[in-house]
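Data block below; observations after.
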Amino acid sequence: MSKLVEMVGIDKFFPGVHALKSVQFDLEPGEVHALMGENGAGKSTLMKILSGIYQRDGGALTIEGQEASPRTPREAQDLGIGIIHQELSLMNDLTVAQNIFIGREPRKSFGRLDENALNAQTARIFASMNLKLDPKALVGSLTIAKQQMVEIAKALSHRSKVLIMDEPTAALNDAEIAELFVIIRRLKAEGVGIVYISHKMDELKQITDRVTVMRDGEYVGTVGAADTPINTIIAMMVGREVNEKPLAAPDLGDAGVSLQVKGLNRGQDIQDVSFSVQRGEILGFAGLMGAGRTEVARAIFGADPKDGGEISVHGKVVSINAPKDAVKAGIGYLSEDRKHFGLATGMTVRDNIALASMDLFIGKGGVLNEAEIASTAQSYIKQLGIRTPSDAQEVRLLSGGNQQKVVIAKWLLRDCDILIFDEPTRGIDVGAKSEIYKLLEKLAAQGKTIIVISSELPEILRLSHRIAVMCEGRLTGILPGGKETTQEDIMYLATQRTAAMQVTGTAQ
Amino acid sequence: MTSTTDVEKKKPFANLADSGAYQKLLAFASLIVLLIGFSIASPNFMQTSNMIAILQATSVNGVLAVAATLVIITGGIDLSVGTLMTFCAVIAGVVLTYMGMPLLLGVAAAIASGAFCGLCSGTFVAKMKIPPFIATLGMMLILKGLSLVISGTRPIYFNDTPGFDQISRGSLIGEVVPAFPIPNGVLILFLVAIAASYILGRTVLGRYTFALGSNEEAVRLSGVNTDAWKMRVYALAGAICGIGGILIASRLNSAQPALGLGYELEAIAAVVIGGTSLSGGRGTILGTLIGALIMAVLTNGLRVLSVAQEWQTVVTGAIIILAVYADMVRRKKAS
Amino acid sequence: MTSTTDVEKKKPFANLADSGAYQKLLAFASLIVLLIGFSIASPNFMQTSNMIAILQATSVNGVLAVAATLVIITGGIDLSVGTLMTFCAVIAGVVLTYMGMPLLLGVAAAIASGAFCGLCSGTFVAKMKIPPFIATLGMMLILKGLSLVISGTRPIYFNDTPGFDQISRGSLIGEVVPAFPIPNGVLILFLVAIAASYILGRTVLGRYTFALGSNEEAVRLSGVNTDAWKMRVYALAGAICGIGGILIASRLNSAQPALGLGYELEAIAAVVIGGTSLSGGRGTILGTLIGALIMAVLTNGLRVLSVAQEWQTVVTGAIIILAVYADMVRRKKAS
Amino acid sequence: AEEIYIPLVSKGFQHQFWQAVKAGAEQAADEYDVTITFEGPDNETMVDRQIDMLAAALANNPKAIGFAALDSQAAIPLLKQANDKGIPVIAFDSGVDSDIPLSTATTDNLAAASLAADKMAEMLGSKGKVAVVAHDQTSRTGIDRRDGFVNRMAENYPDIEVVTVQYGQGDHLKSTEVTKAILTANPDLNGIFGTNEGSAIGVVNGVQELGTEGLVIIGYDSGKAQKDAIKSGLMAGAITQNPVGIGYETVKAAVAALNGEDVPALIDTGFYYYDASNMDDPKISAVLYD
Ligand SMILES: Nc1ncnc2c1ncn2[C@@H]1O[C@H](COP(=O)(O)OP(=O)(O)OP(=O)(O)O)[C@@H](O)[C@H]1O
Ligand SMILES: Nc1ncnc2c1ncn2[C@@H]1O[C@H](COP(=O)(O)OP(=O)(O)OP(=O)(O)O)[C@@H](O)[C@H]1O
Ligand SMILES: [Mg+2]
Ligand SMILES: [Mg+2]
């Protein structure tokens with residue numbers, strides 16, 4: 001029996017970048033084949049070639065034994081290849097159902113749309129995914145997690161023979177991921193071949209059959225998922241061992257309170273949230289999708305209006321009505337949605353890194369010290385290992401993970417006393433992730449205050465000195481960090497949905 | 001894939017309120033304020049005949065604005081609506097007066113040539129990837145010149161085509177309801193608007209119009225032949241400009257080849273006042289109609305008040321800004 | 001976090017080729033093709049006096065286009081450049097002729113009132129969140145009316161201000177190189193362009209201009225006071241229109257209060273022909289200058305060839321489309 | 001023999017009036033065996049565009065130039081340049097504030113509009129309310145025709161009130177809307193004067209669409225629609241200039257100047273009032289155009 005997909009010796013060049021160097025990859029029917037590698041290794045590029053978005057510059061591609069070179073996404077679809085892109089590509093002004101069926105709308109005569117059928121079919125797909133989402137909701141009004149679910153639903157609706165998932169879980173929390181895995185297993189049973197790209201190592205053992213590892217645009221090897229230790233795979237990816245230190249929560253003693261939030265409120269989204277963080281502390285924020293963590297962060301930062309609440313920095317009440325006030329008060333916020341809120345994607349890496357700190361580089365008459373911007377940017381590129389041909393590359397041409405690192409660099413350069421990181425490691429590879437953890441710890445050790453919002457419980461547990469848990473706009477409790485706290489403890493608080501629940505633990 | 005939050009449950013109601021009658025009435029707010037204001041300022045303003053005059057003044061600009069709305073929703077812009085209208089009027093003149101063909105053929109020729117020119121703009125934009133601003137600016141100039149060339153820089157009169165001026169000036173409604181002789185031109189505007197609304201809301205073409213403006217790349221990645229659909233939208237807009245050409249020719253009972261420059265800005269202004277975003281993806285025909293009416297009421301009202309011309313311009317500018325500002329504030333409150 | 005790849009080492013060269021002289025020359029391609037074409041078609045075209053006439057014709061539109069470029073890079077649009085220019089010219093007329101103030105004061109008043117009006121537009125856009133199209137359309141009308149009001153619907157002549165007409169018509173260069181008497185107006189255009197280029201490329205204001213057009217929300221969330229910066233960009237553009245007002249007033253030795261409508265489209269066309277994207281975030285002043293020159297060469301060349309005027313329009317439209325198309329193809333090849 | 005090239009830079013070219021001027025110029029060009037070109041900007045506000053046109057015309061080494069100035073002063077440096085090169089300049093339609101033009105072929109618009117006022121007053125019995133739909137607020141012709149009419153009314157007919165002057169840019173459609181608004185505001189209006197072809201047609205259209213009766217409409221210039229309106233009695237009459245004559249005389253004067261002949265400083269090409277009674281008069285019909 002022939003393989004579903006076979007790619008051999010694939011080459012791809014971009015201006016100044018040799019993105020794929022004779023890469024090989026194959027996929028069997030009914031298998032989940034993970035594609036792993038650091039940020040910028042070339043995973044997305046390889047899959048874009050398979051799905052007809054890029055054309056290969058060399059090598060051979062066969063689908064079910066037939067030579068194929070899909071030139072457009074449509075041709076790839078016709079060959080039975082579906083893809084969930086790493087970057088969301090949805091039409092924000094259209095409804096969920098309209099997005100899912102774009103190009104395949106149920107029609108009546110004369111090009112008239114059958115909107116009822118459209119919504120009904122969407123509802124059916126959602127039901128099969130065990131997803132509660134209104135088919136008529138505007139996609140632009142959804143959180144990214146839900147948008148990601150829409151992307152998944154869209155790919156599923158194609159009933160492809162090959163389904164490529166490029167970091168489908170980057171924006172999802174554990175419960176959602178579990179649901180996705182149910183779907184993947186079902187598809188697998190139906191004989192669909194699935195390419196699975198993820199930076200979450202724990203997912204490998206759960207669903208994948210084989211793992212192919214890439215590094216720097218090169219093929220490293222393919223191993224069985226069940227019989228290869230995770231550490232071996234990581235070593236293949238980064239070319240060295242990555243060892244995770246367990247968390248040692250420092251004793252902060254009487255280090256002063258640097259950020260205090262009292263009675264933060266906004267409608268249903270934020271209900272009476274109060275907490276405080278000490279200098280040198282890392283406070284983790286955990287919760288399910290829609291718990292309101294992002295809302296709290298944005299309200300503190302002044303990105304959204306708030307109905308009420310008092311914010312004090314270093315004991316002084318500050319009035320924050322816009323992000324500029326927050327930055328002035330020494331608060332930085334790294335958004336979870338880098339494409340819309342984090343990056344000026346048409347500008348260079350250099351300018352994006354300097355974006356929040358332009359005032360550092362202003363000389364006489366508002367003239368910028370370009371050389372200094374460049375050298376600063378280069379030092380961050382080196383420090384964070386941002387894979388880019390130069391600091392003058394446009395950000396939109398970087399791989400997803402490297403874009404994320406650019407946003408991090410922006411806030412590191414700004415050197416705020418209080419840094420709020422919303423899903424800082426979304427789409428970042430294991431190696432880089434552990435570097436970022438080290439970085440956050442170093443920042444905390446220097447006396448900075450760090451708030452980390454993350455949907456990955458292991459990450460929260462690995463990083464946080466204390467853990468704040470939210471549910472439906474309320475802060476349901478604050479747990480101590482370290483070994484005493486388990487994932488179950490967090491989940492318990494994250495699902496306390498009744499309004500009558502008391503806040504457990506202490507808010508300093 | 002987790003459980004429903006109450007947020008989602010609330011959503012349908014929010015939606016209902018959003019598109020409810022209350023909301024729709026509010027959208028007219030600026031228009032109604034203007035109407036009331038002018039009625040108080042001048043006793044002559046609120047007469048049936050003047051209301052009809054305002055509607056009639058809206059008809060041509062309204063039709064062009066509907067055409068512009070379609071293109072703008074795709075994220076483009078159409079600067080050629082005014083001269084295309086003139087070009088189509090001239091074509092009708094050539095077919096009817098110079099060639100002596102029957103009325104229907106002239107109308108068909110005007111609409112067909114509008115669709116063809118729209119298709120050309122669409123091809124420049126979709127296939128040749130020329131920015132819509134330039135493609136339609138080029139078309140605007142080409143059509144302006146061609147109108148003069150074809151007509152021999154001379155107006156073409158429709159005196160030999162009896163009934164031609166009735167297309168716009170006659171009143172079918174007036175025959176039924178003599179007290180309210182709404183001219184056919186206005187009727188045609190409403191028919192065009194209803195048709196365009198239907199196409200936008202209920203057909204595949206409409207769906208892709210919004211989709212293109214919302215995220216063209218995503219549509220393309222979904223395997224849709226975006227180029228072909230975009231060309232169809234431009235062609236449809238062109239055909240509507242053709243209808244506009246018939247309307248103006250019938251109103252003037254002649255095709256004036258030098259007319260049409262400057263009409264594009266008025267049409268686009270009506271679209272934007274009506275709440276359609278120039279960045280595409282969002283917009284309604286109803287809004288555009290209201291926008292066109294606001295412009296017509298404003299000009300008419302100031303003229304009826306005999307405000308000095310130079311001040312008319314100043315006041316128009318200021319009120320346009322205020323009307324849109326009021327609309328922004330209203331929407332912000334609503335959301 | 002691995003080491004540098006060879007890719008990174010290769011890049012500097014790629015970059016060099018990208019922004020190299022070769023590339024820059026190619027950007028002129030359409031312009032050069034036009035110049036050569038017209039020289040072959042008419043022996044009268046390539047005369048010093050005609051080249052100077054072309055440059056002179058570029059000066060006002062060029063200055064307005066530079067102003068429009070700034071606003072367009074922020075992702076906005078400025079429809080008021082033409083009437084703002086006129087307004088500033090009228091202000092200069094009032095200060096110099098009606099009030100009899102010294103020359104420098106008149107120039108300063110024109111530029112200051114330009115900056116002030118720009119600031120108003122900027123406030124509408126940034127603070128009141130009115131779409132730039134509407135805010136500047138409103139300003140365009142307001143200024144058009146005010147120019148007429150202030151001037152008393154009459155041109156204001158600068159006969160009492162000796163030397164005023166030399167601002168644009170005189171030739172400092174001609175005094176040094178008599179063979180090439182480039183008028184000061186052209187010199188001023190180049191100075192304005194160089195200054196704007198410098199501001200865009202080297203200063204914070206320029207950096208934020210691009211950043212705003214690229215992703216305003218991301219800039220705001222970086223703690224930048226986006227509103228303030230946007231207002232500054234509009235004010236700067238307004239001040240440049242003020243310079244345009246001085247140029248045209250000096251060229252006509254009068255402030256013509258009715259002038260200016262329609263100039264905005266030409267200015268924006270020059271910007272877009274020059275490769276600046278209407279969706280913001282990208283653009284160059286050099287491109288805009290080339291765009292303005294292409295337009296001026298085209299109009300002048302067709303006139304010198306004595307092409308019938310109606311055909312001039314047709315050919316202009318077609319060549320604008322072709323020039324931009326050629327540029328698109330070139331860029332695609334380059335990348 | 002070397003071709004004699006005479007460019008005419010006009011105030012416009014799309015309007016019928018300018019097309020008639022062009023026709024007259026071409027007629028003379030044929031007769032005197034010279035080559036002409038005829039160009040003008042899109043509207044009468046574009047003073048600087050007209051100057052660019054003049055500059056391009058000069059580049060072609062013309063033997064003489066015909067020029068209808070939009071502004072009486074703006075073009076003087078270029079005209080001086082022409083003068084220095086010995087190129088004779090003939091002004092047409094309106095004058096230039098300078099002694100460079102050897103001759104000016106023009107209509108006395110002030111007098112012509114006064115005549116329109118006289119005719120209007122005559123038909124109204126020297127009392128009533130009238131309005132003006134003018135084509136332009138700032139151009140010379142716009143100002144002269146408006147002022148000629150309004151001033152004559154004020155001076156000679158105290159019982160006639162000019163209730164409003166509004167402008168429709170000579171655009172047929174805009175003038176139609178303007179007329180309707182004027183009629184709405186002044187239901188007791190007795191007469192309207194439209195100051196050029198587009199304005200006059202607009203007035204007729206507006207009156208027709210509103211179905212107003214008993215108004216005295218006086219127009220300006222000709223064109224088929226205006227002639228038809230006069231024939232059908234919708235329009236009382238109109239002033240006509242002699243556009244063909246203006247074009248013809250301009251070229252003729254230029255040729256004369258080239259030949260070293262004397263040319264008169266002012267060529268008044270005249271104007272007439274025409275109505276249904278004298279339209280077919282050969283003298284009148286010769287100056288009317290379709
Ligand atoms: N259109 C493009 N133009 C130039 N370079 C590109 C382009 N697309 C990708 N690259 C480069 O190719 C390399 C591979 O990128 P790719 O997106 O495939 O990485 P990835 O393995 O998916 O990384 P991540 O895990 O961060 O998503 C990167 O160096 C990236 O900068
Ligand atoms: N479709 C929706 N329409 C309106 N509001 C919504 C919608 N979805 C979510 N919200 C609001 O946004 C709030 C928080 O959403 P969000 O998912 O960003 O929170 P979060 O805790 O940061 O989750 P995560 O970061 O995991 O996505 C919800 O509590 C809800 O009030
Ligand atoms: Mg990727
Ligand atoms: Mg969040």
Side-chain angles (χ1 to χ4, degrees), chain B residues 75 77 79-80 83 121 124 128-153 257 261-262 264-266 268-269 271-273 275 277-279 308-325 327-329 332, chain C residues 75 77 79-80 83 124 128-153 257 261-262 264-266 268-269 271-273 275-279 308-325 327-329 332:
Chain B
I77 194 154
L79 298 178
S80 67
T83 57
S121 300
F124 298 152
M128 291 163 66
K129 310 288 171 214
I130 295 173
F133 187 92
I134 289 294
T136 58
L137 178 85
M139 273 311 257
M140 163 176 126
L141 295 173
I142 291 176
L143 292 170
K144 183 188 160 202
L146 284 184
S147 299
L148 292 167
V149 171
I150 293 176
S151 67
T153 13
L261 219 61
E264 67 288 341
L265 274 193
E266 269 178 59
I268 298 171
V271 177
V272 184
I273 292 174
S277 149
L278 275 180
S279 45
Q309 175 94 9
E310 51 273 32
W311 283 108
Q312 281 185 22
T313 330
V314 176
V315 174
T316 307
I319 292 189
I320 287 178
I321 292 179
L322 280 178
V324 172
Y325 180 59
D327 197 46
M328 304 297 283
V329 173
K332 211 174 187 178
Chain C
I77 195 154
L79 297 178
S80 67
T83 56
F124 296 152
M128 290 163 67
K129 310 287 172 216
I130 296 173
F133 187 91
I134 290 293
T136 59
L137 177 84
M139 272 311 257
M140 161 176 126
L141 294 173
I142 292 175
L143 292 170
K144 184 187 160 201
L146 285 184
S147 300
L148 290 167
V149 170
I150 293 176
S151 66
T153 49
L261 220 60
E264 68 288 342
L265 275 193
E266 275 180 52
I268 298 171
V271 176
V272 184
I273 292 174
T276 295
S277 151
L278 275 180
S279 44
Q309 191 158 358
E310 51 272 35
W311 282 108
Q312 283 185 21
T313 333
V314 177
V315 174
T316 307
I319 292 189
I320 286 178
I321 292 179
L322 281 179
V324 173
Y325 180 59
D327 196 46
M328 304 298 283
V329 172
K332 212 174 186 179

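Each chain gets a letter, A, B and so on, in the order the sequences are listed, and its residues count up from 1. Hydrogens, waters and symmetry mates play no part in the numbers below; they use all other heavy atoms, side chains included.
Taking CE of C:M140 as the start and CD1 of B:I320 as the end, the distance is 8.5 Å to the nearest 0.5 Å. The CD1 atom of C:I321 lies 7.0 Å from the CE atom of B:M139; values are rounded to the nearest 0.5 Å. Here the straight-line distance linking atom CD of C:E264 with atom CG of B:L265 works out to 6.0 Å at 0.5 Å rounding. Between atom CD1 of residue B:I130 and atom CE of residue C:M328 there is a gap of 7.5 Å, rounded to the nearest 0.5 Å. Separating the CD1 atom in C:I134 from the CG atom in B:L322 is a distance of 12.0 Å, to the nearest 0.5 Å.
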Step-by-step side-chain contact (heavy atoms from CB on, under 4.5 Å) determination, C:I142 to B:T313: CA-CA 6 Å; C:I142 292 175; B:T313 330; over 6 Å; no
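The greatest number of non-hydrogen atom pairs below 4.5 Å with chain B, out of C:T153, C:L79, C:V272, is found for C:V272. Ranked by heavy-atom pairs under 4.5 Å with chain B, the list C:V315, C:I319, C:T316, C:I268 is led by C:I268. The greatest number of non-hydrogen atom pairs below 4.5 Å with chain C, out of B:Q312, B:M128, B:Q309, B:K129, is found for B:M128. Ranked by heavy-atom pairs shorter than 4.5 Å toward chain B, the options C:I77, C:L278, C:V149, C:V324 are led by C:V149.
Sorted by first then second residue, the salt bridge (charged side-chain N to carboxylate O under 4.0 Å, His left out) pairs that include residues 134-153 of chain B, not counting sequence neighbours, are B:K144-D:D42.
Checked against side chain to side chain contact (heavy atoms under 4.5 Å, CB included), C:S151 has the following partners two or more places apart in sequence or in another chain: C:V90, C:I156, C:P257.
Using a 4.5 Å cut-off between heavy atoms, B:I273 touches chain C through backbone and side chain atoms alike. With a 4.5 angstrom heavy-atom cutoff, C:A318 touches chain B via backbone and side-chain atoms both.
The minimum heavy-atom distance between C:G317 and B:L141, with the atom names listed, is CA-CB, 3.7 Å.
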